[in-house]
Amino acid sequence: MYSQIYKACTIAGGLQNAITKEEENNCKLILFDKILTCYKNGIKTFYTNCEMGIPIFSAEVLTSLKENFLIALKIVIPYEEQAVNWPEKWRERYFNIQEKADSVYQIDFHFCESSYEKADRYMIDRSSNLICSENSRDSFISAYAKKKGCQIEFF
């Protein structure tokens with residue numbers, strides 16, 4: 001099992017389809033509740049890879065919570081040009097979050113087939129918990145987290 005050093009939480013999940021602002025706000029409310037529960041249980045460090053969807057939503061929730069709570073947001077980007085081909089609104093959010101994060105760690109300089117899995121391993125190897133969207137139940141990150149003994153919560 002993980003020691004106190006690794007009392008951290010990774011937040012993951014993809015964005016399957018375009019969602020409405022109301023759906024995004026509902027998702028952020030769920031994430032807010034789950035993050036606060038983790039915080040109350042002693043978790044102060046949170047990891048995300050800052051992909052579109054759940055990771056960016058969670059990072060935005062975390063940056064707002066950082067104003068009143070001692071929370072560390074650590075971003076692990078799979079490769080340098082991750083957001084190059086994203087729509088402009090998502091890119092702006094992505095770079096805004098990076099400015100507010102406590103650290104940004106880059107896995108690869110250029111994209112390679114294993115960039116995302118390496119980022120997932122990096123985050124999970126430093127986490128005791130995983131908060132993950134239901135649509136990521138069969139993903140690499142949830143399987144790896146289970147293998148490593150992380151407490152996993154799907155929503």
Side-chain angles (χ1 to χ4, degrees), residues 2 4-80 82-84 86-107 115-117 119-142 144-146 148 150-155:
Y2 291 87
Q4 280 296 100
I5 294 171
Y6 295 111
K7 197 144 177 96
C9 180
T10 294
I11 305 174
L15 182 65
Q16 289 185 330
N17 302 313
I19 65 171
T20 66
K21 192 65 177 169
E22 182 179 349
E23 290 168 325
E24 178 182 328
N25 289 338
N26 288 338
C27 183
K28 284 183 171 183
L29 283 173
I30 292 167
L31 287 164
F32 178 85
D33 182 56
K34 294 193 178 308
I35 290 166
L36 277 183
T37 298
C38 286
Y39 185 84
K40 289 175 187 173
N41 290 324
I43 294 174
K44 310 290 190 250
T45 302
F46 294 85
Y47 289 91
T48 181
N49 66 3
C50 233
E51 287 181 66
M52 287 187 284
I54 303 300
I56 283 184
F57 300 159
S58 64
E60 289 172 338
V61 169
L62 286 159
T63 57
S64 69
L65 286 171
K66 282 170 57 68
E67 295 174 13
N68 297 304
F69 295 90
L70 294 173
I71 290 177
L73 170 58
K74 299 187 175 201
I75 297 173
V76 179
I77 59 173
Y79 60 101
E80 185 178 32
Q82 175 182 8
V84 165
W86 291 4
E88 186 176 342
K89 275 176 55 175
W90 283 104
R91 276 197 321 274
E92 287 174 12
R93 292 168 83 171
Y94 174 81
F95 290 115
N96 185 40
I97 291 164
Q98 284 191 21
E99 290 176 9
K100 297 175 182 175
D102 293 282
S103 67
V104 178
Y105 181 77
Q106 180 180 305
I107 297 293
S115 297
Y116 284 94
E117 285 185 8
D120 290 349
R121 275 192 216 98
Y122 183 93
M123 294 184 294
I124 293 301
D125 286 346
R126 289 155 179 79
S127 295
S128 55
N129 294 60
L130 171 65
I131 296 171
C132 199
S133 63
E134 187 64 43
N135 66 4
S136 296
R137 186 173 284 277
D138 297 324
S139 66
F140 172 82
I141 197 166
S142 18
Y144 189 69
K146 183 177 180 181
K148 296 297 265 184
C150 286
Q151 180 179 330
I152 304 171
E153 187 170 351
F154 294 99
F155 70 98

Please report the shortest heavy-atom distance between [X] and [Y], naming the atom on each side.
X      : Y      : answer
Trp86  : Cys50  : CH2-O, 3.2 Å
Ser142 : Arg137 : OG-O, 3.1 Å
Ile54  : Ser133 : CG1-CB, 3.9 Å
Ala72  : Asp102 : CA-OD2, 3.1 Å
Leu31  : Ser58  : CD1-N, 3.7 Å
Gly13  : Pro55  : O-CD, 2.8 Å

- Query: Between Arg126 and Tyr122, is NZ or CZ placed under 6.0 angstrom from the six-membered ring centre and within 45° of the ring axis?
  - Reply: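 Because its charged atom sits under 6.0 Å from the ring centre and within 45° of the axis, Arg126 does stack over Tyr122.
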
| message | With heavy-atom distances below 4.5 Å as the criterion, would you say the side chains of Tyr144 and Asp120 are in contact? | response |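 No, too far: nothing below the 4.5 Å cut-off.
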
Below 4.5 Å, heavy atoms only, C-beta onward: do Cys150 and Asn129 meet side chain to side chain?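 A side-chain contact under 4.5 Å is absent here.
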
Practice task
Give me the one residue out of Leu62, Val61, Ile11 that meets side chain to side chain contact (heavy atoms under 4.5 Å, CB included) with Leu73.
Solution key: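 Passing option: Leu62.
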
Identified salt bridge (charged side-chain N to carboxylate O under 4.0 Å, His left out) partner of Arg93 from the options Glu60, Glu51, Glu88: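 Single pass found, and it is Glu60.
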
| query | Tell me the side chain to side chain donor-acceptor pair (under 3.5 Å) pairs involving residues 29-48, sequence neighbours left out? | reply |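 As it turns out, the side chain to side chain donor-acceptor pair (under 3.5 Å) pairs with a partner in residues 29-48, which skip direct neighbours, are Lys34-Glu153.
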
